[in-house]
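Take a look at the structure set out below.
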Amino acid sequence: MLARPTVTVARELLGATLCRRLPDGTMTAAPIVEVEAYTQDDPACHAFRGLTERCRVMFGPPGFAYVYFIYGMYNCLNVVTEPDGVPGAILIRALDIEGCTGPGKLCKTWQIDRSLNGVDLLDSTGPLWLEGGHVTDDEVIATSERIGLNVGQDRIWRFYAKDSDFVSGPRRLGGRKQTRPATEKVAKVLKNL
DNA sequence: TTTGCGATTCGG
DNA sequence: CGAATCGCAAAG
């Protein structure tokens, strides 16, 4: 499923449920509502210059977590894609739940750091994993340039649930406060996964 | 080794 | 718009 073109998978990942089991046993889960795709031939991708220690997991099999540290204080979570040997990843930018708007905040809130780099995201007995299907309804999905890049801005590889109030960054005209739950329409789609 | 900067966020 | 804050990777 994840061993396919990153951009395709990214779009389909919207609506999947990210689940977290904290060290103390606490469990949390929420739908993914914003993602960005990064591929080998993409200048903004960590794997663009080849394999390095940091992006090693991106070159491995799909379904594993690629967590990196950025700006001296934040962590970002990615889902590795593409067949083993081909780098590719999807940055998880927001979950449909309070405190998880933005890749850095999401990781801070759910206590995700580099110690989770390389964990199997398809293992529901682990600390972090994915469940559920995906959204295919174009009507509830929006697209845009990726956020915070100085290269690769020509690639429209950011996908987000149109009406989720937890999506980060630039939004549609008259951006609203991000404190309400997703609208009924999106909520319904997310529920039928 | 050194250096410049980054897939961010928050405050002024 | 700039500070915070530090690991990474390209350059020296």
Side-chain angles (χ1 to χ4, degrees), chain A residues 2 4-16 18 20 28 30-60 62-82 86-119 121 128 130 141-161 164-171 175-179:
Chain A
L2 296 173
R4 293 181 294 128
T6 306
V7 178
T8 300
V9 178
R11 189 180 168 297
E12 296 180 351
L13 206 53
L14 290 177
L18 183 65
R20 171 80 168 120
T28 319
I32 292 171
V33 292
E34 182 184 356
V35 300
E36 282 180 0
Y38 289 85
T39 63
Q40 184 169 39
D41 66 331
D42 163 22
C45 181
H46 291 168
F48 183 64
R49 313 263 176 194
L51 194 162
T52 65
E53 198 48 50
R54 176 176 61 162
C55 67
R56 175 177 299 285
V57 301
M58 283 183 71
F59 286 78
F64 288 80
Y66 167 43
V67 182
Y68 66 87
F69 187 61
I70 189 69
Y71 293 124
M73 60 186 93
Y74 296 107
N75 286 285
C76 289
L77 169 68
N78 293 256
V79 175
V80 173
T81 55
E82 306 283 348
V86 179
I90 297 167
L91 172 67
I92 306 302
R93 294 192 57 89
L95 302 180
D96 204 29
I97 188 173
E98 186 70 32
C100 293
T101 293
K105 289 181 63 179
L106 183 166
C107 286
K108 184 178 181 185
T109 300
W110 279 22
Q111 296 175 43
I112 295 170
D113 59 30
R114 284 170 294 176
S115 69
L116 294 182
N117 186 45
V119 307
L121 294 175
L128 187 67
L130 291 166
I141 297 176
T143 305
S144 82
E145 289 183 348
R146 292 170 295 177
I147 297 174
L149 304 181
N150 290 314
V151 292
Q153 294 168 305
D154 54 317
R155 306 187 186 216
I156 312 303
W157 288 352
R158 171 176 175 242
F159 303 93
Y160 60 95
S164 168
D165 288 312
F166 296 94
V167 169
S168 73
R171 327 187 98 244
R176 62 184 73 164
K177 269 194 171 180
Q178 310 198 348
T179 52

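Order of the sequence lines fixes the chain letters, A, B, ..., with proteins taken first and strands second; residue numbering starts at 1 for each chain.
With pairs defined as Watson-Crick or G-U wobble and both atom distances under 3.5 Å, the stems of at least three pairs that touch DNA chain C come out as B:1-6 with C:6-11, B:8-11 with C:1-4.
In this structure, A/Glu82 contributes its side chain and A/Thr6 its backbone to a donor-acceptor pair below 3.5 Å. Side-chain N or O atoms of A/Asn78 include one that pairs as donor or acceptor with a backbone N or O of A/Tyr66 at under 3.5 Å. At distances below 3.5 Å, not a single donor-acceptor pair connects side-chain atoms of A/Glu36 with backbone N or O atoms of A/Arg93. A donor-acceptor pair is defined here as one N or O able to donate and one able to accept, closer than 3.5 Å; no such pair exists between the side chain of A/Gln153 and the backbone of A/Glu145.
Nearest heavy atoms, A/Phe166 versus A/Leu95: CB-O, 3.3 Å. Taking both residues in full, the closest heavy atoms of A/Arg146 and A/Ala37 are given as NH1-O, 3.0 Å, listed atom of the first, atom of the second, then distance. Of all heavy-atom pairs between A/Phe59 and A/Ala47, the closest is CE1-CB, 3.6 Å.
With values rounded to the nearest 0.5 angstrom, A/Thr8 atom OG1 is found 12.0 Å from A/Leu2 atom CG. How far CD of A/Glu34 is from CG of A/Leu106: 10.0 Å, rounded to the nearest 0.5 Å.
Judged as a salt bridge (Lys or Arg N to Asp or Glu O under 4.0 Å), not a single pair has a partner in residues 102-115 of chain A (not counting sequence neighbours). Screening residues 48-58 of chain A for salt bridge (Lys or Arg N to Asp or Glu O under 4.0 Å), with sequence neighbours left out, gives A/Glu53-A/Arg56.
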Pull out every protein N or O sitting under 3.5 Å from an N or O of nucleotides 10-12 of chain C, one pair per line with the distance.
none

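A donor-acceptor pair shorter than 3.5 Å cannot be found between the side chains of A/Arg20 and A/Thr28.
Within residues 110-119 of chain A, the residues that have a heavy atom under 4.0 Å from DNA chain C are, in order of number, A/Arg114.
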Next item on the list: Would you give a per-nucleotide map of nucleotides 6-12 of chain B, 5' to 3', where B means the base has a protein non-hydrogen atom under 4.0 Å away, S means only the sugar-phosphate does, and - means neither?
Entry: BBBSS--
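Comparing the P positions of B/dT2 and C/dT5 gives an interatomic distance of 23 Å, to the nearest angstrom.
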